[in-house]
Amino acid sequence: MVALVCGVLLAVMGVSDLLNGSTGRGLVVLLPGVALMAGAAYFLRTARRNR
């Protein structure tokens, strides 16, 4: 759950940087944020299914 929240925060920071015109930094922050959200969502889904 913490990883999901951190991923959302990173994604929001990345989008904010992209909107402010900092493309390089925006992508560097946005892509790991999206990957972290996807990994956390997959982990939570499989953990619920296996209970």
Side-chain angles (χ1 to χ4, degrees):
M1 196 62 156
V2 174
L4 191 61
V5 172
C6 290
V8 169
L9 289 176
L10 281 174
V12 168
M13 286 172 43
V15 169
S16 174
D17 284 342
L18 285 174
L19 292 176
N20 288 333
S22 178
T23 308
R25 180 177 167 202
L27 288 177
V28 164
V29 175
L30 178 66
L31 293 177
V34 171
L36 192 59
M37 279 192 300
Y42 175 76
F43 176 77
L44 288 174
R45 196 169 3 134
T46 56
R48 282 192 196 136
R49 191 180 312 149
N50 290 336
R51 270 199 274 174

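When a residue number appears, it is its place in the shown sequence, counting from 1.
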> What heavy-atom pair brings Leu27 and Pro32 nearest, and what distance separates the two atoms?
Replying inline: O-CD, 4.0 Å
> Given the rule that I, L, V, M, F, W and Y join up when any side-chain heavy atoms are under 4.5 Å apart, are Val34 and Val8 in one cluster?
Replying inline: yes
> Within the side chain of Ser16, is there an N or O that forms a donor-acceptor pair under 3.5 Å with the backbone of Val12?
Replying inline: no
> Roughly how far, to the nearest 0.5 Å, is CG of Leu36 from CG of Leu31?
Replying inline: 12.5 Å
>> Testing the basics here: between Met37 and Ala11, what is the closest heavy-atom pair and its distance to 0.1 Å?
In response: CE-CB, 3.9 Å
> Side chains of Leu18 and Thr23: does their closest heavy-atom pair fall under 4.5 Å?
Replying inline: yes
>> Are Leu30 and Leu19 connected into the same hydrophobic cluster when the rule is that any two of I, L, V, M, F, W, Y join if their side-chain heavy atoms are below 4.5 Å apart?
In response: yes
> Gly14 and Val29: which non-hydrogen atoms are nearest, and at how many Å?
Replying inline: N-CG1, 3.7 Å
